[in-house]
Amino acid sequence: MRRWLAVALCCLPPVAMAMPTRSEFLARAEISATTIAPDGKSVAWLAEEGARRAVWLQTLDGARPRRAMAHTPAQELIYTRDGRWLLLAAPTQIFALAVAGQSGSGLLTQLEERSEWRVDATHAAAITVVAPGDHSAQRWQLKRYAVGGEIELLYEDTRRISGYALASEGRLSWLQRIEDLALVLYRLDSAGSLRETLRCGDLHRCSPVFDDAGELLLRSNSLEGDALGLARLVRIDRRGSKTLLARDPRGEADLDFLAVDATGRPRIAGYRSTVAQIAAIEPRDLAAVRHLQQAFPGSALRPQIAASRWLIEERHSARQFARWHLFDPETLRTELLIDERGGASPARLTKQPYTWTASDGMRLHGFISVPPGDVRTLPLVVVAHGGPWNLWQPIYNGLAQFIASRGAIVFEPNHRGSTGHGHAYMVAAGGDFGHGRVQRDIDEGVRSLLDAGMGDPQRIAIVGASYGGYAALLGVTFAPELYRAAVAFVPPPDFAWTLEWVLRNAESVRLDSVVPMADWLKMLKLDVEDQAHMERLRAQSPLANVQRLTRPVLIVAGGSDERVGIAGIIEYAARAKLAEKDVTVLIDHGAGHRQRDDIARETNLFLMETMLHRHLAMPKPEPPNAQVIDYLRNLRSSPATHRFFDNTATAAEGRNAPP
Amino acid sequence: MTLFRAEWSRLAMYAWLLALAHLGGLIFLSRMMDLGQQNLAVHWSFGAVYALVGGLSGFAQFAIYARPNPWLSLIHRPRSPGAIASSLLGAGGVVLVLVVALPIILTALWQETLTARVVDTRHWLLALAGWQIATCAYCCGVFAALAPRRYAVIGIVLLFWLINANATGWAALGLQALALAWSVWMVAALFKANRGSPRTAGIPAIALPLAMATYFLALIAFAAIELIWIAWGTHPNNSVPPPGGRIEMVKATKQERMLAVLAASRHADAPLLAEQVKLSEPTSVGSGLSRLPQWFELANVRPMEFDDQRLGVRYVFSHDDGQLHGYRIRDGADAATLSLKFPHPPLLFGRLPGMRDGDAVLIARGRVYHYESESQQVRQRVDLGDEPLVSLAPIGEAYAALSDRALYIFDARPFVATRDVVAPRARLPLPGRYGDLSNLDLIELVDGHLIVATFGHLSNDANRTPPFQTAHVLRSDGSADEIGRRALSYDHVWLYRYQAVWISPGLHAVRKYAKHLFADASTLELAAPALAPRAVWALAIVLGLIATLSTLWRLRTVDGLRRWPWIVASGLFGLPMLAAFWLIELDREAQS
């Protein structure tokens, strides 16, 4: 396959393309969420309007859209089952907006940290919320909040409630709670007694999705009957027998999402780890799904199912913004509803799945984006993902597209340890996140591309953010023969220390998604109390090996980073300074782990572009604007920064270089 | 009794008017705020007004008698001077009961019976405190009316003593009683026909405050010189400070302070740490607390209350039962009383991770409590025993707590994930006394924190330590290493720094003793004073000898009984006592 790919791609004629500006890649989506009423007769969306976010409504009878609320902090919106209320969900509250001409709009409930909510599909207008009952989560409660003010405690437990399903009459019928690091699934009889049905330990999931007349549809990634442990939809009948309902037809990807109808019944399964695809769960939807796949080839679709119409979200790896379509499953007619930015959204490169075999024989997945030109002479840039328990998906990646737009092949590896490819894939890392197995996966992926004739072996760089930044530092430290330079955003230079640091801080409580983070790490073979393992990771860290560094490094960090302690980056910079290494560090002391400021994001692109220009002979960056220069002036920087900016000052049309 | 009644009837109208005005003022202010929970500055303001009223009353009452003829007719009544003084001063005292104490009692009674506000025993005692202050000032006013003009105002020294003293609660009442007794003694010394010549038994009552007043005048003169120096523009505080000195470090940025001590260090890690400091944004740990709350204190370090905005409830601490009592902010109605009995009076300050709307942090000496609005419970989260905490604040993602003895580092996670008492991860004993601590700056390291302490707070004061800096690495496992230590130079010459000592070592000691009389030792003020240079003592001895010999020479013809106390006092208290001697004995000698 690799050979075929190289042959196919090397013959692409060079196409003269105007290099898009940095700011083009930073444009934010104007539509942040959409929803369709259960009867399919209206849609609503959240629109970013400058500094504010507004709620828009449109009835699908030919009426024009109208602004239903001028300002909302909501990030999601969804209709109640009866379609008379639009629920606007912000991280700290849910607001019910009357949309059927009735009165009574108002706050439905406040949300505490670690609260999880969903629309109650068994009730006309209500939500269910699981939340800690007190400050330190000694009690967990499942409550129903009906629009109008009625609150009903459905269940309370001293153990964390991690999942549930309601019978059609609204009674709690299935409960999942955490017991000794395992997820334990219970069936509840009408008297409320618990009967254990399933126990999922060791990072396996068995999340209840829907009570189908006493039988449970659940999401599972157990290894039972599935060597890869792919996340899939399974039915458990009353006798406890399991039937597979949905699994990636390609056998590569976890179940990514389920599209449910107004009753909460899952109808369509979506997969987005290698090739984006959707699959019908019930025969009645087969034709519709087949039609959608054919109508939108290569796109990642996400349907919302209503009675008469479906709302289809369409994303594509080459398109910066989503489009929304209305789809009639009866007539199979599709109608474009919202095309954000319309034709102004520039088409980028389509990323392609790429598979390689690691030296230990494991098949690994990733993506490549190949710009026009002779692929054998193009620079190659590895963009490692963060996490590391995360993945690159076949959807738009602004960073990869930006680099590709500058003429480099971009490789997005999903090394082992990544999510989305099954339980076995994720745990295969075995905690070897130093100069070890995981990093070798990336290096071997690069070598397989070179073997396939893709990329100039003398012009390879590695970039990434968070764990991706760590991988970039590992790459230039231990494989300088492969990588000419590294750009690392918010990288932990010592992964072991960063884990210990996070576990000491409040951020780890936010990361306690199902089980406490320390136990979760232990199951991933990253026991922070295993001093021998931690010492090994430390000894293999970029921080402990600054002396080995022979390639230039650019690091951009946030001084208020809650995930990656800035102290590690500062010590790395200090050691590099004393060892006279070419390491440039820029710290925005007000920034956290995620950089949300547009000027800062543009600056990051400019810095990376400068680095790639200097060390991979990629195109010279367009000079930074005044705002970027001002921003750069206010960053705290390592002494090597002066050297880094020597040329930038010239590029900035005679402006003074930042300090 | 006749004289008392006559004097009372002369003053009654004035007393009732003032009492009504006072009561009206208290009622008005009580509508605006809970007066019992106001801080020390508010109490001082009230005390100052009471002292002013008392002082002016005393002066006005006796200014009429102080003229020669009325005085002679008063003092030559067929009664002893003591009985006359008792009647007149007694009437003045009763006036002040009416003017000062009664309105306070009536206001407290109103608050106690008709509102949900907390009225403790200490609030009732404010009536006594107010009366003692007013009456002391009253006697000082009387003294000012009766005494020769050259030392008429020395009563103010007693009032300054009350402001400056550290005693609280019952001890403060005792101190006020002592000051009151002293002021009565001063008046008694002059309550005789010839007011220019105090009674021999009363001379100490006048001499010591007079010497102290002279001593303060000398210090004020130094302060005036310093003002001129500042205006001139060459004072270290207001110009470029001398290099290597304390003021330079006080004016420096956190980063500069940290780099200065690392630059002077020969430790192998110092260069690496310095590079890290250059890239870091150091944090400072400090406190605005000058003292801790004491049981049954009359005033408050800070208001002893906090609001739960979520529930609309204000909680007020009661010294009588050690609990927090709530009342509704909206209508003042009674709300819940929290069950916890605090071992020490708590103060509201600091911040803990995981706090929600309405939550609060209360610190009672070494114990930190989290008030949870949702459960309306108070949970203990930190226990440092008897080490008083003065600061609790986030430093990056961790938390730092500063006591008067050590700096503690806490992980944030246990505060959010558990309800238990959280133990500190690491402790660094302060490398000096808390009272000398000027700045505590730190940065986070991969393995712990770099902590730079600058000592030298008020190091121009003779009671403080010579300024210095230290740098320590406090590791996550609790171990610590000193990385550097740097002595800072003084910014002023010894003549300036030890002015309070060499002018009169005796009065300096009396002043310190008087300040701490009856008071619990405040650990926040503990300092490690430097030994004064020999030159200071030499100068003090020379000045003491001059004072002694001058007194000796002046009294060479006077008999021993009058002579030796003055000579000894001049030896002990130096030139200020010589000045007191001249001012007091001037008339006595003229008379003799």
Side-chain angles (χ1 to χ4, degrees), chain A residues 92 110 112-114 132-138 492-494 496-498 500-512 516-518 538 541 543-544 557 559-563 565-579 585-587 589-590 635-639 641, chain B residues 255 262 268-283 310 351-359 370-377 379 381 394-399 409-420 422 425-426 442-450 476-477:
Chain A
T92 57
Q110 300 275 4
E112 300 289 350
E113 212 169 316
R114 291 187 280 176
D134 54 31
H135 164 72
S136 50
Q138 305 294 311
D494 181 340
W497 172 73
T498 300
E500 290 167 344
W501 183 83
V502 170
L503 284 172
R504 294 205 295 262
N505 297 330
E507 181 66 9
S508 63
V509 179
R510 287 186 277 276
L511 294 171
D512 288 349
M517 187 183 170
R538 250 179 230 120
S541 71
L543 181 62
S560 305
D561 195 326
E562 65 288 355
R563 294 266 170 94
I566 190 66
I569 293 167
I570 287 174
E571 184 171 330
Y572 184 82
R575 287 185 185 279
K577 158 76 174 24
L578 295 179
V585 177
L586 290 141
I587 300 170
H589 272 283
L635 297 180
R636 199 175 282 273
S637 56
S638 62
T641 312
Chain B
Q255 216 165 27
L262 291 172
D269 292 343
L272 181 64
L273 292 168
E275 288 302 327
Q276 293 179 71
V277 170
K278 286 176 193 168
L279 274 174
S280 298
E281 197 97 318
T283 312
R310 195 180 72 90
R351 175 134 198 102
L352 285 174
M355 285 174 65
R356 300 180 177 188
D357 281 353
D359 288 9
H370 181 176
Y371 163 73
E372 292 175 17
S373 171
E374 192 169 299
S375 61
Q376 287 187 272
Q377 289 188 335
R379 297 184 194 285
R381 303 312 313 269
I395 46 163
E397 296 296 314
Y399 276 70
I409 306 291
F410 287 88
D411 293 342
R413 181 184 165 98
F415 286 106
V416 185
T418 73
R419 290 174 161 188
D420 306 332
V422 178
R425 168 169 288 280
L442 56 89
I443 62 165
E444 189 180 12
L445 304 172
V446 166
D447 185 20
H449 290 83
L450 171 67
S476 306
D477 64 4

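Residue numbers start from 1 in every chain, and the chains themselves are labelled A, B, ... in the order their sequence lines are given, proteins ahead of strands.
Contacts of B:L272 with chain A are made by both backbone and side-chain atoms, with heavy-atom separations under 4.5 Å. Interface residue A:D561: only backbone heavy atoms are found under 4.5 Å from chain B. Residue contact with chain A, scored on non-hydrogen atoms closer than 4.5 Å, is absent for B:S375.
With sequence neighbours excluded, the residues forming a salt bridge (Lys or Arg N to Asp or Glu O under 4.0 Å) with A:R510 are A:E113, A:E507, listed by chain and number. For B:D411, the salt bridge (Lys or Arg N to Asp or Glu O under 4.0 Å) partners two or more places apart in sequence, or in a different chain, are A:R504, B:R425.
From A:R563, atom CZ reaches atom CD of B:E397 across 10.5 Å, with rounding to the nearest 0.5 Å.
Counting heavy-atom pairs closer than 4.5 Å to chain A, the top-ranked of the candidates B:L273, B:L445, B:L279 is B:L279. Considering only heavy-atom pairs separated by less than 4.5 Å from chain B, the leading option among A:I587, A:I566, A:I569, A:L578 is A:L578. Options B:E281, B:R413, B:E275 differ in how many heavy-atom pairs under 4.5 Å they form with chain A, and the most are formed by B:R413. In terms of non-hydrogen atom pairs under 4.5 Å with chain B, the most contact-rich of A:V502, A:T498, A:V509 is A:V509. With respect to chain B, the highest number of heavy-atom pairs below 4.5 Å among A:G568, A:S508, A:S560, A:P493 belongs to A:S508.
Residues A:Q110 and B:R356 have side chains not in contact (no heavy-atom distance under 4.5 Å, counting atoms from C-beta outward).
The shortest heavy-atom contact between B:A412 and A:A506 is CB-N, 3.7 Å.
Of the candidates A:E571, A:R575, A:K577, B:Q276 forms a side chain to side chain contact (heavy atoms under 4.5 Å, CB included) with just one, namely A:E571.
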